[in-house]
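Notes to accompany the following structure.
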Amino acid sequence: MPRRQFVALSGALGAGALLTGASGSASAAAGPLTAPGDPSCCPSPTDPAPPGGGQSPCPPPQTQNLCGSPADTDPLWQDVQYCTQGIVPPSGQRPDCLKTTPNYVVLHGKPESPHNYLLLPSCRIRGIECPFLVSPNVANYWHEAWETGRSGGDVPVQYANIGLGINSVSARRLHQMHIHMAGVLPSTQRRLQDLEAAGRVAPQPSQWRAPQYQALITGADGSGDRTYRVLRLDALTQNLFALLNQNVVRPLGLDMAGQTLIVVPRMTAMGFDRSFYVLNSDSSLPSGTNTCDRLLVY
């Protein structure tokens, strides 16, 4: 996907939301869900985000060439439609809908295990390349993935250390956006804490791209060390896609389609300390990677 086209579309989406967000009215869907392609499904992308976990806007029609069409036949998108609409996939194989909300569904990952789940938008969104993901009012899928997959969540990842991740376009097989909810090795958690102690973790998003915050981390899949840009955030309240685009991708002249993004909750001897490490990589880095699969344990 051309970077210029992504920037133009994401800028238009953001400007529209900012111009109309103050006067728009929020609405939360009640009763049975409607298909994301149905005009009654989703508020306009320029409406403000609904309070109290109501339904988020969906990508507008002009972004379908990058974000996907509701008529697409991607198997994961068909699974989402089964969970939200009861539409049986053409294969006849009905997924286990582990959690269904107006904004997302949670399914088993493959291979199935108690520490391999996927969170997918209820809207048709192909993946990280969709410029709607950097707009102001998109649902906070990362926060929802953490709240769902954490200990005590509705679909807890049963692993000592949890990781969340999304792949680049070239590193994925299926094309409905999905955040992996999986495990990470204890050695990954220790490595991140050691990097932070050495001043090698960016304390602010604006510093995320700086070379001193790039570090080698050993893969959980036996693939060796790969380079990641490492940031620490005190909460997942911000749009991570927008942070990545604004602070790494655009300043370095990169392409969102080529990025991978991984979130690792920061743990201490007392447990989760309510902050997060956010890792990014791509093939432009020496020993970089465009997949989150190297760090996650499925």
Side-chain angles (χ1 to χ4, degrees), residues 1-14 17 56 59 63 66-67 119 121 125-146 163-172 177-181 184 192 195 200-215 217 226-266 275-285 288-296:
M1 175 191 59
R3 176 176 170 274
R4 181 178 299 175
Q5 187 179 12
F6 179 95
V7 171
L9 278 170
S10 59
L13 286 167
S56 169
T63 65
L66 298 177
C67 299
L119 182 141
I125 299 177
R126 284 179 53 87
I128 195 169
E129 71 276 17
C130 174
F132 180 71
L133 290 173
V134 307
S135 64
N137 294 323
V138 67
N140 190 337
Y141 298 114
W142 291 97
H143 177 265
E144 299 294 356
W146 164 244
L164 313 172
I166 191 170
N167 282 318
S168 68
V169 172
S170 63
R172 69 184 191 227
M177 179 191 144
H178 51 285
I179 294 176
H180 293 270
M181 303 157 54
V184 294
L192 290 168
L195 288 169
R200 300 283 309 283
V201 173
Q204 301 291 336
S206 60
Q207 299 171 282
W208 196 2
R209 66 183 177 273
Q212 63 263 38
Y213 303 122
Q214 298 172 12
I217 300 176
R226 296 289 177 161
T227 304
Y228 299 86
R229 305 176 182 96
V230 188
L231 167 71
R232 179 178 169 179
L233 292 178
D234 291 335
L236 295 182
T237 54
Q238 301 179 74
N239 181 339
L240 299 190
F241 295 110
L243 288 184
L244 178 63
N245 187 49
Q246 293 165 4
N247 296 287
V248 176
V249 172
R250 293 178 67 179
L252 296 179
L254 302 174
D255 188 345
M256 278 292 286
Q259 305 301 308
T260 185
L261 196 57
I262 303 108
V263 172
V264 179
R266 187 178 185 274
S275 61
F276 300 84
Y277 297 112
V278 185
L279 287 68
N280 158 251
S281 190
D282 62 69
S283 58
S284 75
L285 289 170
T289 178
N290 59 12
T291 175
C292 64
D293 296 342
R294 299 189 188 282
L295 289 186
L296 299 184

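In what follows, every heavy atom counts, from backbone to side chain, and hydrogens, waters and symmetry copies are set aside. On a predicted model such as this, the values are computed, not experimentally measured, just so you know. All residue numbers refer to positions in the sequence shown, counting from 1.
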From [atom1] ([X]) to [atom2] ([Y]), nearest 0.5 Å:
X      : Y      : atom1 : atom2 : value
Tyr213 : Arg200 : OH    : CZ    : 10.0 Å
Ile166 : Asn280 : CD1   : CG    : 12.0 Å
Leu295 : Tyr228 : CG    : OH    : 3.5 Å
Asn290 : Arg172 : CG    : CZ    : 11.0 Å

Practice task
Would you check if there is a donor-acceptor pair between the side chains of Asn167 and Thr291 at a distance under 3.5 Å?
Solution key: yes
Side-chain heavy-atom pair [X], [Y] within 4.5 angstrom cut-off:
X      : Y      : answer
Leu279 : Ile217 : yes
Ser284 : Leu252 : no
Leu192 : Val201 : no
Arg229 : Leu285 : yes
Tyr141 : Ile125 : yes
Ser168 : Asp282 : no
Met256 : Leu133 : no

Would you name the heavy atoms of [X] and [Y] that are closest together and state the gap between them?
X      : Y      : result
Pro205 : Asn247 : O-CB, 3.2 Å
Ala257 : Glu129 : CB-CB, 3.8 Å
Arg226 : Gly288 : NH1-O, 3.3 Å
His180 : Cys292 : CD2-SG, 3.9 Å

Would you confirm whether [X], through its side chain, and [Y], through its main-chain N or O, come within 3.5 Å as a donor-acceptor pair?
X      : Y      : value
Asn140 : Leu236 : yes
Thr260 : Ser281 : no
Asn239 : Ala242 : yes
Arg232 : Ala202 : no

Handout entry: From CA spacing to verdict: side chain to side chain contact (heavy atoms under 4.5 Å, CB included), Leu66, Phe132
Key = CA-CA 9 Å; Leu66 298 177; Phe132 180 71; over 6 Å; no
Problem - salt_bridge(Arg266, Asp234) N-O dist < 4.0 Å - result: no
Problem - Under the salt bridge (Lys or Arg N to Asp or Glu O under 4.0 Å) test, residues paired with Arg209 that sit two or more places apart - result: none
Handout entry: Partner residues of Phe241 under the ring-ring contact (aromatic ring centres under 6.0 Å, His included) criterion, sequence neighbours left out
Key = Trp142
Practice task
List the steps and the verdict of side chain to side chain contact (heavy atoms under 4.5 Å, CB included) for Leu240 and Leu233.
Solution key: CA-CA 10 Å; Leu240 299 190; Leu233 292 178; 3.6 Å; yes
Practice task
Walk me through it: do Leu296 and Val184 pass the test side chain to side chain contact (heavy atoms under 4.5 Å, CB included)?
Solution key: CA-CA 5 Å; Leu296 299 184; Val184 294; 3.8 Å; yes
